[in-house]
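Okay, so here's the structure we're looking at.
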Amino acid sequence: MRFLRLGSFSEERPHVLDDQERLFDLSPLTGDIDAEFLSGDGVARTRAALAAGELPAVDDPADGTGMRVGAPIARPMAVLCIGQNYAAHAAESGSKPPEVPILFFKHPNTVVGPHDDVLIPRGAEQVDWEVELGVVIGQRASCLDTAEQALSHVAGYVLADDVSERAFQKEQSGGQWSKGKCAPTFNPVGPWFVPADEIADPQGLRLRSWVNGEPRQDSSTADMIFSVGEIVRHLSQYLTLEPGDLVITGTPEGVAMSGRFPFLAPGDVVEMEIDGLGRQRSGVKSA
């Protein structure tokens, strides 16, 4: 079962794909795939409604190509990001692997659909890609004791691109990275939200990226320094995670900041995929 939101920007409607790739309108059950839906047993209620035949079928291709595909969750209240969570990426960034998770934030208006354009802001010259596993919080999480307990607060997973402007991030940061992370469109998400119980092991997913058809990143979440459960547990010691919050968990090696590839420019096309979470394709344009 995969959840997605279809329609023009800010007017997306919730849908679900069943195990036979049939598309159904989820709006009889919820107005959106948001905090209220996630914290209110929305996944279980969707399964029950599908089994009972209570959701209307939609005459649209299973991949949603008949309508724009929006981000599969409504705009989150918070987008929390973990930096340098793959040892090889830390090395290509010129840093030692971190001893504790590095936290920074993206503005919620960075979140766009998986095939929407990435817009290069004025003055940007070092725009980079980062394929990442996104974690969607399903229950309020505060001061959790174990990684296992933390996983029970995860509603599901998404594919995310943590687009970054490296000069803003490193040279104009004042010591904190978020200036290079927060331009609108700097977080394409989706195409799907997949419930946590349908991902057998979040630490066993292959993730890849391409620019203009050429391979860039190819790794596994098994190489994460801090696991999903440990990230959520750790963050809960310092802040309260709310239903609908999005946590993106770091990127593997193979980004432009390594010096091995050029930064993004208008006309480029970035593609990404994670096992079970679908594939996205974003064009790059000037803002």
Checklist entry - Within the distance-only criterion (no hydrogens, no angle test), does the side chain of Asp128 pair as donor or acceptor with the backbone N or O of Ala256 below 3.5 angstrom? => result yes
Item to check | Heavy-atom check, side chain of Arg47 versus side chain of Pro195, under 4.5 Å | outcome: yes
Next on the checklist: For Glu125, I'd like to know if atom CD has over 12 heavy atoms of other residues, nucleotides or ligands within 6.0 Å.
Outcome noted: no
Checklist entry - Between Phe3 and Phe37, how do the two ring planes meet: parallel, tilted or perpendicular, split at 30° and 60°? => result perpendicular
Item to check | Under 3.5 Å donor-acceptor, Arg140 side chain and Glu242 backbone | outcome: no
Next on the checklist: Would a single hydrophobic cluster contain both Val131 and Leu205, if residues Ile, Leu, Val, Met, Phe, Trp and Tyr are joined by side-chain heavy-atom contacts under 4.5 Å?
Outcome noted: yes
Checklist entry - Donor-acceptor pair, Arg2 side chain versus Pro191 backbone, under 3.5 Å? => result no
Item to check | Donor-acceptor pair, side chain of Lys106 and main chain of Asp162, under 3.5 angstrom | outcome: no
Item to check | Enclosure of Arg281 CZ (heavy-atom neighbours >12, cutoff 6.0 Å) | outcome: no
Checklist entry - Taking it one step at a time, do Glu171 and Gln126 satisfy side-chain contact (heavy atoms from CB on, under 4.5 Å)? => result CA-CA 11 Å; Glu171 299 169 16; Gln126 298 182 16; 4.0 Å; yes
Next on the checklist: Closer than 3.5 angstrom, by distance alone: can the side chain of Gln203 be matched with the main-chain N or O of Thr221 as a donor-acceptor pair?
Outcome noted: yes
Next on the checklist: Please check: side-chain N/O of Asn85 versus main-chain N/O of Thr249, any donor-acceptor pairing under 3.5 Å?
Outcome noted: yes
Checklist entry - Around Gln237, counting heavy atoms of other residues, nucleotides and ligands shown, do more than 12 lie under 6.0 Å from its CD? => result yes
Item to check | Glu198 atom CD, over 12 foreign heavy atoms within 6.0 Å | outcome: yes
Checklist entry - With distance as the sole test, does Asp117 use its side chain to make a donor-acceptor pair with the main-chain N or O of Ser282 at under 3.5 Å? => result no
Next on the checklist: Under the salt bridge (charged side-chain N to carboxylate O under 4.0 Å, His left out) definition, can you give me all pairs with a residue in residues 89-98, not counting sequence neighbours?
Outcome noted: Glu92-Arg260
Next on the checklist: Could you check whether any side-chain heavy atom of Pro121 comes within less than 4.5 Å of a side-chain heavy atom of Phe168, counting everything from C-beta outward?
Outcome noted: yes
Item to check | Stepwise salt bridge (Lys or Arg N to Asp or Glu O under 4.0 Å) check, Arg22 with Asp18 | outcome: CA-CA 5 Å; Arg22 296 175 298 184; Asp18 71 4; 2.7 Å; yes
Checklist entry - Is there a side-chain contact (heavy atoms from CB on, under 4.5 Å) between Phe193 and Val136 once you walk through the steps? => result CA-CA 8 Å; Phe193 161 75; Val136 181; 3.9 Å; yes
Checklist outcome for this item: Between Val163 and the options Asn187, Leu119, Val127, Thr185, the side-chain contact (heavy atoms from CB on, under 4.5 Å) test singles out Val127
Item to check | Verdict with supporting geometry, Arg206 and Asp218, salt bridge (Lys or Arg N to Asp or Glu O under 4.0 Å) | outcome: CA-CA 7 Å; Arg206 186 182 184 187; Asp218 189 348; 2.7 Å; yes
Item to check | From Thr46, Ile73, Ile33, residue fulfilling side-chain contact (heavy atoms from CB on, under 4.5 Å) relative to Pro14 | outcome: Ile33
Checklist entry - Is a side-chain donor-acceptor pair under 3.5 Å present for Ser27 with Arg13? => result yes
Item to check | Lys181 and its side-chain hydrogen bond (donor to acceptor under 3.5 Å, both in side chains) partner, picked from Glu165, His107, Gln176, Glu130 | outcome: Glu130
Checklist entry - Side-chain heavy atoms under 4.5 angstrom apart, residues restricted to Ile, Leu, Val, Met, Phe, Trp, Tyr: same cluster for Phe105 and Leu246? => result no
Checklist entry - Is any NZ, NE, NH1 or NH2 atom of the basic residue among Arg75 and Asp34 found under 4.0 Å from an Asp or Glu carboxylate oxygen of the other? => result no
Checklist entry - With Glu273, which residues qualify under side chain to side chain contact (heavy atoms under 4.5 Å, CB included), at least two apart? => result Arg208, Trp210, Arg279
Checklist entry - Has the side chain of Gln280 got a donor or acceptor atom that lies under 3.5 Å from a matching backbone atom of Gly190? => result yes
Item to check | Qualifying residues under side chain to side chain contact (heavy atoms under 4.5 Å, CB included), relative to Glu148, sequence neighbours excluded | outcome: Thr146
Checklist entry - Sub-3.5 Å donor-acceptor pair from the side chain of Glu12 to the main-chain atoms of Ala71, do we have one? => result no
Checklist entry - Does a donor on one side chain sit under 3.5 Å from an acceptor on the other, for Ser8 and Glu11? => result yes
Next on the checklist: Using the side-chain contact (heavy atoms from CB on, under 4.5 Å) definition, which of the options Arg216, Glu214, Glu132, Glu271 pairs with Ser209?
Outcome noted: Arg216
Item to check | Leu144 backbone acceptor or donor facing Gln149 side chain under 3.5 Å | outcome: no
Item to check | Val135 vs Ile231, side-chain contact (heavy atoms from CB on, under 4.5 Å): CA-CA, chis, key distance, verdict | outcome: CA-CA 10 Å; Val135 177; Ile231 289 168; over 6 Å; no
